[in-house]
Amino acid sequence: MIRRTLLATAAAGLTLAFGAPAIAQDTTKACFVYVGPIGDGGWTYQHHQGALALKEEYGDKVEIAYQESVPEGADAERVITQMALSGCNIIFTTSFGYMDPTNNVAAKFPDVKFEHATGYKREHPNVSTYNARFYEGRAVVGHIAGKMTQTNKIGYIGSFPIPEVIMGINSYYHHAKLANPEVELVVTWAYTWFDPAKEADAARAMLDQGVDVITAHTDSTAPLAEIAKEGGSAWGFGQASDMAAFTTNDDGTPGPRIASIIDEWSPYYIKRVGALMDGTYEQIDSWAGMPEGEVVIGTMNDAIPDDVKAEAQAMIDAITAGEYHPFTGPMNKQDGSAWLAEGETADDGTLLGMDFYVEGITGDIPN
Amino acid sequence: MDLGNINPVLLVASLMISATPILLAAIGEMVVEKSGVLNLGVEGMMITGAVIGFIVAINTGSPLLGFVIAAVAGAALSLSFGVLTQIFLSNQVATGLGLTLVGLGLSSLLGKPYEGQKTATLPKLDIPILGDLPVVGRMLFSHDIMVYVSLCLILAVWAFLKFTRAGLILRAVGESHDSAHALGYKVVRVRLLAIMFGGACAGLGGAYLSLVRVPQWTEGMTAGAGWIALAIVVFASWRAGRVLIGAYLFGGISVLQLNLQAAGMTWGVQYLSMSPYLITILVLVFISSNRSRSSHDAPANLGQTFHATR
Amino acid sequence: MIRLEKRPQPSRAWTVATPILAVILTMIFGGIMFSLIGTSPFEAIRTIFWDPLFHPQFAAFSRPQLLVKAGPLILIAIGLSIGFRAGIWNIGAEGQYIIGAICGAAAGLALYPMESALILPLMIVAGALGGWAWAMIPALLKVRFGTNEILVSLMLVYVAENLLASVSSGILRNPEGMGFPGSRNLSQWSSSQNLELIPNTGMHLGVLTAFIAVILAYVLLTRHIQGYNIRLTGEAPRAAKFAGVSPARTILFCLGTAGVLAGMAGLFEVTGPAGQVSIDFGSGYGFTAIIVAFLGRLHPVGILLAGLLMALTYIGGELAQLMLGVPGASIQLFQGMLLFFLLGVDVLTNYRVRFGASEVA
């Protein structure tokens with residue numbers, strides 16, 4: 001193929017032209033590509049907090065740079081290339097849609113390290129991937145939800161029907177069910193990661209149908225604000241970030257946010273940049289969770305009874321100690337077929353490609 | 001699927017809230033278009049209203065004052081569009097798109113310090129007697145004041161266009177600016193006023209989002225509501241009463257599909273989401289194929305630049 | 001009292017001078033904005049306008065990237081400008097762009113993993129047809145019912161966006177994509193890839209097509225009877241009718257051309273820089289192209305320059321974010337200002353400013 005040859009030549013040309021950004025390196029430059037604005041209060045906000053923590057940790061030895069609201073697609077590859085050219089030593093691309101662009105750019109800059117969040121392609125030795133086991137957090141809030149619901153109906157606002165979200169739904173439901181066998185799960189898909197008005201509508205639709213505990217897999221605080229309007233008869237959780245503003249109402253009563261699942265990226269960022277600086281950096285596929293401090297449950301507020309708090313804390317401790325895996329059998333698939341036998345835990349491959357509900361959830365996964 | 005879970009009373013109550021921002025923006029845009037001007041910058045004016053309203057409410061503790069200043073800010077921003085299109089005679093489509101860019105950029109710069117804060121929101125009105133009625137009390141008479149303001153605005157715009165002399169002039173200017181000019185009406189002045197009214201309404205709609213609908217400020221939080229408002233004006237074929245229907249239909253379908261999902265429906269969500277736009281196109285075809293009936297509705301000079309040669 | 005008097009002919013001097021004036025005004029007001037947010041205005045302006053072209057570290061990469069970014073904008077804007085000249089306001093190019101990408105990608109993916117040199121041409125044809133068909137909806141409705149094409153084409157953008165979301169998580173979803181929405185990567189399948197033809201030039205098929213479109217549009221508008229008819233329809237619709245120009249044919253031609261070019265632009269993006277059909281594929285090129293068309297004064301050469309200027313502010317804006325840490329929103333505002341000033345000062349091209357008492361208010 002002529003075009004293939006051209007491609008190879010092009011890559012070689014680029015490498016020759018800018019392969020080694022020839023800048024004296026006293027400091028290590030870590031760069032971040034964000035999919036949303038750093039003020040989104042959720043996903044991007046947390047990544048940026050991680051970046052700031054990195055700067056805090058290493059001070060003058062590290063320089064950080066970032067670019068917000070980079071569209072997934074044609075623009076991403078250019079942005080990542082410009083970062084590599086600007087002398088970044090390590091580039092974190094923090095959204096799934098940057099997967100192919102990250103690998104493409106990595107091919108041209110073998111001396112720069114690339115870290116892609118939530119993806120699975122590591123086509124070059126300088127590409128690592130990282131993700132967090134958010135389902136561990138979902139298990140804990142699922143347990144709390146099962147205990148807190150009065151109507152026995154709990155809700156989940158999904159973004160898109162992808163394995164990550166389905167994994168969260170299953171973990172949430174499974175633990176709610178263990179805590180409260182009567183519990184019923186309502187799922188609505190918003191088909192967006194960020195649209196406050198729509199997220200509020202989704203929460204409202206579920207509240208109107210008698211759901212009284214809701215967790216969201218979208219980015220804004222709108223669902224919590226909507227739950228707040230129920231005036232203490234319905235509850236929700238912070239998602240991605242702590243959303244602490246909703247922990248306590250202005251009159252001092254417990255607010256609608258009874259706990260939260262925090263994406264804590266700082267341990268990973270500190271670890272990886274540290275490894276790069278001391279020369280121990282290697283390509284990895286990281287999927288860490290509570291034990292590594294990457295998934296954190298935010299402060300539980302006083303709406304939760306003490307015994308439930310204690311149970312939740314016990315579950316956090318067990319997961320953190322590696323004694324408990326949230327997907328431990330016996331568990332069946334939605335159609336009743338056996339999935340995990342007694343004591344068996346799910347393997348990572350199945351979880352990462354999860355495309356089925358567990359037994360007890362009604363409704364189908366849309367496609 | 002269990003449709004019995006959907007409570008029609010609550011459904012209507014929540015769609016009224018959900019539709020209010022787009023209703024406010026759409027009624028303003030309708031007046032603008034009636035005067036013959038197409039302002040595609042609704043999204044930019046809405047989000048500016050959202051951020052200004054929020055900032056004012058946080059700093060003064062008064063959401064109502066937030067709404068007032070948001071309206072002023074929307075009008076002020078729209079004036080830049082007005083000056084460019086009416087005085088500098090720039091193209092309305094391109095200028096409107098530019099207005100959206102300016103509004104989105106400006107709002108996120110202004111709003112940076114206010115991200116993640118909570119604001120006081122509007123209380124629900126406690127309407128005596130009406131609010132206590134069974135069914136309709138909960139459905140129609142238990143909302144905050146802006147819901148009723150938006151409904152009054154519809155009524156006011158309808159009456160203004162139908163019964164007042166000023167309304168007649170506004171329509172004449174939209175219908176044929178050359179004839180209106182020949183009759184001695186100040187085309188540019190009328191249009192500037194209409195544009196500012198549209199900006200003020202869009203500002204109110206945006207403030208409703210940030211102060212009531214999702215009481216918070218987040219960058220880009222209008223997420224396309226301004227574009228829906230544009231669609232509603234067309235759907236309504238430039239009639240105030242139908243703007244109400246259109247806004248409640250667009251808002252309603254979004255709320256309904258989420259309710260259907262919550263009740264267990266899992267298919268066809270995207271098709272339901274695109275249906276209002278298809279319906280709008282059908283409405284457009286219908287009104288334009290019935291020229292005799294509706295010829296008064298679509299402003300004949302919509303989007304055209306006016307320059308008084310003499 | 002200041003008033004405007006229409007020039008018999010657009011001023012040549014101002015045609016050249018107004019864009020320069022607008023850029024200077026933007027630099028002044030943008031500079032004020034940058035200093036308000038605590039960035040050195042000189043550094044910011046230099047980063048946006050100068051660095052992408054001449055910075056020793058970036059220029060070698062970003063110069064060709066200007067073409068890559070400007071290519072689709074120019075291609076779409078050329079199609080739109082022909083319609084705008086005739087007074088046909090297609091503002092739904094975003095929809096035609098998306099549908100072109102979907103149709104082209106679907107045509108190619110139906111044959112996956114076959115290897116053939118004919119697949120990319122087939123996809124280009126399918127993409128062009130898709131964009132054309134999407135543009136024919138407002139065209140036919142306008143011809144048959146007199147329906148306003150501005151509004152129909154805008155509505156169809158939303159429909160296209162919903163379709164995009166539907167196919168990228170539905171029928172076009174990559175079966176090996178771990179369940180994530182988004183199609184196979186078309187730039188990694190040798191039969192469909194649209195990569196740089198000459199290394200380090202940014203010249204992929206889309207850019208080449210954009211240049212050809214500029215030339216063809218120039219010839220059409222200045223040398224061809226159809227171009228004359230289009231201009232006549234725009235400037236004097238009644239005279240055009242008397243001259244025997246069929247309004248229906250003009251509408252179909254203009255919208256059809258815009259649809260074909262937007263559809264091709266979508267296809268070239270999806271097989272090249274973007275790589276895959278995904279929910280976020282439609283990145284607003286169709287709307288930005290409207291701006292480009294007006295900045296270019298609806299003239300093919302003007303559009304070429306305007307597309308490059310727009311691309312420069314995008315790439316320079318990215319560099320400013322990266323190197324100076326300015327917020328993305330300030331770049332958006334800066335682009336908005338540039339557009340406002342360009343549109344505002346254009347009045348000098350077509351009108352003479354007169355001072356003195358006016359006869360009419």
Side-chain angles (χ1 to χ4, degrees), chain B residues 38 40 44 80-81 83-85 87-91 93-95 97-112 181 184 186 189 219 224 227-228 230-231 233-235 269-271 273-274 276-278 280-281 284-289 291 298 302-304 307-310, chain C residues 3-6 33 36-37 84 87 89 91 137-138 141-142 144-148 150-152 154-163 165-166 169-170 287-288 290-291 293-295 327-340 342-347 350-351 358-361:
Chain B
L38 180 67
L40 294 181
S80 68
F81 169 87
V83 168
L84 280 173
T85 57
I87 296 176
F88 291 100
L89 308 173
S90 69
N91 178 276
V93 171
T95 313
L97 291 170
L99 186 64
T100 300
L101 270 182
V102 168
L104 287 171
L106 188 65
S107 64
S108 40
L109 282 184
L110 294 175
K112 272 272 180 266
H181 176 70
K186 313 249 187 287
R189 191 175 305 168
E219 215 179 308
W227 297 99
I228 295 176
L230 281 165
V233 178
V234 182
F235 172 85
V269 175
Q270 269 126 0
Y271 301 101
S273 301
M274 73 172 89
Y277 303 109
L278 291 172
T280 303
I281 294 174
L284 265 178
V285 171
F286 180 75
I287 57 174
S288 42
S289 59
R291 280 252 157 229
L302 184 60
Q304 294 176 14
H307 175 244
T309 40
R310 289 215 41 80
Chain C
R3 72 203 156 79
L4 300 171
E5 189 181 284
K6 192 162 176 75
M33 174 193 73
L36 281 178
I37 59 172
F84 292 168
W89 303 101
I91 60 171
I137 300 172
L141 291 178
K142 186 175 175 71
R144 177 70 184 80
F145 302 108
T147 314
N148 184 327
I150 301 182
L151 304 163
V152 175
L154 181 62
M155 294 303 114
L156 285 171
V157 174
Y158 307 127
V159 177
E161 283 173 349
N162 276 294
L163 274 176
S166 168
S169 53
F287 290 112
T288 312
I290 298 175
I291 296 174
F294 280 102
L295 292 188
S330 65
I331 301 301
Q332 220 170 8
L333 188 54
F334 188 79
Q335 286 177 326
M337 278 185 201
L338 177 62
L339 177 60
F340 268 16
L342 275 161
L343 291 166
V345 295
D346 191 35
V347 73
N350 293 309
Y351 295 87
S358 62
E359 301 115 78
V360 285

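All values below come from the heavy atoms of this structure, side chains included, with hydrogens, waters and symmetry mates left out. Chain A is the first sequence line, chain B the second, and so forth, proteins listed ahead of strands; every chain is numbered from 1.
- When each of C:Met337, C:Glu161, C:Gln332 is checked for heavy-atom pairs under 4.5 Å with chain B, C:Gln332 comes out on top.
- Annotation: the span from B:Leu40 atom CG to C:Ile91 atom CD1 amounts to 4.5 Å, rounded to 0.5 Å.
- Minimum heavy-atom separation, C:Phe340 to B:Ser80: CE2-OG, 3.6 Å.
- Across B:Leu230, B:Val234, B:Val233, a single residue satisfies side chain to side chain contact (heavy atoms under 4.5 Å, CB included) together with C:Leu151, and that is B:Val234.
- With sequence neighbours left out, the ring-ring contact (aromatic ring centres under 6.0 Å, His included) criterion links B:Phe88 to no other residue.
- Contact count against chain C (heavy-atom pairs under 4.5 Å) is highest for B:Leu109 among B:Val83, B:Ile87, B:Leu109, B:Leu99.
- For a residue to count as touching a neighbouring chain, one of its non-hydrogen atoms must lie under 4.5 Å from one of that chain's; by this rule C:Leu163 touches chain B with backbone and side chain alike.
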Evaluate the side-chain contact (heavy atoms from CB on, under 4.5 Å) criterion for residues C:Leu333 and B:Val102: first the C-alpha distance (whole Å), next the side-chain angles of each, then the deciding distance (0.1 Å), finally the verdict. CA-CA 5 Å; C:Leu333 188 54; B:Val102 168; 3.7 Å; yes
Steps toward side-chain contact (heavy atoms from CB on, under 4.5 Å) verdict (B:Asn91, C:Trp89): CA-CA 11 Å; B:Asn91 178 276; C:Trp89 303 101; 3.5 Å; yes
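- Annotation: the span from B:Leu84 atom CG to C:Asp346 atom CG amounts to 11.0 Å, rounded to 0.5 Å.
- In this structure, CG on B:Leu97 lies 8.0 Å from CG on C:Leu339, to the nearest 0.5 angstrom.
- Highest contact tally toward chain C, considering only B:Thr85, B:Leu38, B:Leu278, B:Leu106, is held by B:Leu106 [criterion: heavy-atom pairs under 4.5 Å].
- The candidate from C:Tyr351, C:Phe294, C:Tyr158 with the greatest count of non-hydrogen atom pairs under 4.5 Å with chain B is C:Tyr158.
- Applying the side-chain hydrogen bond (donor to acceptor under 3.5 Å, both in side chains) rule to B:Ser90 yields the partners B:Thr95; only residues at least two apart in sequence or on another chain are considered.
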